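Notes to accompany the following structure.
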Amino acid sequence: MARVSASRRRFLQQTATAGLACSADLLFGRSLLGQTSLGQTSPSPAAPVRVYLDSRRTIAPLDRNLFGSFLEHLGRAIYEGIYDPGSSLSDSHGFRKDVLNEIRGMGVPIIRYPGGNFVSGYDWLDGVGPSQNRPRVLDKAWNSVNSNQFGTDEFMAWCRAVGTEPLMGLNLGTGTPEQAAALVEYCNVEKGTRWSDLRRKNGAADPYKVQHWCLGNEMDGPWQIGHMTAKEYGMKAADAARQMHDVDPSLKLVACGSSGPGMPTYLEWDREVLEQCYDYVDALSLHRYFGNTKEETGGDSGKFLALNLTMDQQIEESLAVCDLVRGRKRSPKKLWLSFDEWNVWYRARSGDAVNGHQQDAPHLLEEVYNLEDALLVGGLINTLIRHADRVKIACLAQLVNVIAPIMTNAKGLYRQTIFYPYNWALQYARGSVLDLFIESPSTYEVAGMGQVSHLDVAGVVDSDDKKITLFLLNRDLSKARELEVNWEGTTGKQLLASWVLTGDDLKAVNSFDAPQRVAPTAADKPSSAAGRTKIELPPHSYTVFQWEA
Ligand code: AHR
């Protein structure tokens, strides 16, 4: 496990320098130009940020899978998290009812499983069949024991109970393309073949019809079990994809992209992989974790809250590589992105926090989130929303107990700070993404990033339900900032929702003892007149407003 943590930490540091050593010009691409004063005749800094909102002008329909999540066989995510057969809080399947109801209530559309680093050493056959026959296996990724009492069939049953879709991860580390295709057969073929009949024997008469599959995990990382070169991985992914499509041609397949901009092979890995497997896959995966660390931000919260702009950049750079390979191959197919791991994570990522000491359900990666983490998560959601034309799946990593919005103990659960922006996205971000025009005279200097807008704005329109929603991050740590919405075409009528997440202490956290220390409150009502709505956003805050359109 030391192998994992030490090397992962080294790569994190490199992310800090490589990921942020970019000019403001690079950072403020198409979607952000309007949010800076660069090159504009600048009104006074106190002038409001103006948003011109025309509900007819949209970027793309927003895929609900943009707000997916992730459950890995890691720490207490599965065992003690969603599955705890010994608990009085669990149902007859061993599923924790309180956790299940919470996730069902959130409406999480898609959940990645079973890893993560874990998947690269996992034999899916260990996790199916009579529970008494399943082996206790040492998971080398997290130095933990997996009792295998929860496996593919339990996950599918849990997904059904929650009302979510599985995003299945495949072992392309120690696993073979043949084993990957066998799992597809187990899950998706109705009957009459070796693996589909095994599923039926194990109690599931109907196929699961799993649509989305990840071809391995972070195979560019030296910490990954089975790590290989880009060419080797690209060829293995192509072989797996071909065999899987032979079993079920309808599958949507995601190839492993770079683990993040800090990797020395960033983008070069993606290009070489896609040169091998472009024709056989639908999407490329991206991963990214952020931290308010000495290396990444110097502990400067103003810079920390600007880091979502580097995620905009990562998305745009990865798309450029996809499109480069597309051009070289003269392919009619355009890939989309699966940002299938993203979050804040920097405290619980070394020593005992990543070493299970060969125990069952150890306390690993139990990051405690504060207010500023939640604000950045809000900014990251804005970034995902404005790239919804090409990012079709994204997974907040993870969902329960492990770098998670939901924490459990034997008696119940509580919501961490990051729960709230994520839950707002799930609740309110429906329909199509608005192509907003933003005039933002109010900026601040961020070391290594240039001028950054105080306000970060994303919006959606739901034409069916006739709703317009804005998601607003105020990065100014000390001052309230004004936003003026100029309605063009449809005007926002009745205010349907207005919530703000803020507080006097950026470092405040929730806990079992104080579960509501950081929680949303009602936002001040905006004032509207003559086709304009004025909104005052408190310092260091994330706000959502929804109007009837
Ligand atoms: O989400 C925690 C870990 O972070 C995952 O197992 C791995 O894919 C990433 O490095």
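First listed ligand is number 1; within each ligand, the first listed atom is number 1. What you see is a predicted model; the values in this text were computed from it and never measured. Along the sequence shown, residues carry numbers from 1.
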>> Determine whether Trp195 and Leu125 satisfy the following criterion, side chain to side chain contact (heavy atoms under 4.5 Å, CB included), listing intermediate values before the conclusion.
In response: CA-CA 10 Å; Trp195 300 115; Leu125 277 169; 3.7 Å; yes
One residue to check: [X]. Relative to ligand 1, which of side chain, backbone, both or neither has a non-hydrogen atom less than 4.0 Å away?
| X | result |
| --- | --- |
| Tyr289 | side chain |
| Ile403 | side chain |
| Trp142 | side chain |

> Side chains of Asp360 and Ser147: closer than 4.5 Å at any heavy-atom pair?
Replying inline: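 Yes - at least one pair of side-chain heavy atoms lies under 4.5 Å apart.
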>> If you define the side chain from C-beta out and look only at heavy atoms, does anything of Arg112 sit under 4.5 Å from Cys214?
In response: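 They are in side-chain contact.
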> With no hydrogens and no angle check, do the side chains of Asp153 and Tyr208 hold a donor and an acceptor under 3.5 Å apart?
Replying inline: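 Yes - a donor-acceptor pair under 3.5 Å links their side chains.
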> So is there a nitrogen or oxygen of His287 less than 3.5 Å from a nitrogen or oxygen in ligand 1?
Replying inline: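 There is no such contact.
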>> Is there a polar contact between ligand 1 and Trp345, counting only N or O atoms under 3.5 Å apart?
In response: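 There is no such contact.
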> Side chain of Glu72, backbone of Phe118: donor and acceptor closer than 3.5 Å?
Replying inline: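 Yes, because the side chain of Glu72 sits within donor-acceptor range (under 3.5 Å) of the backbone of Phe118.
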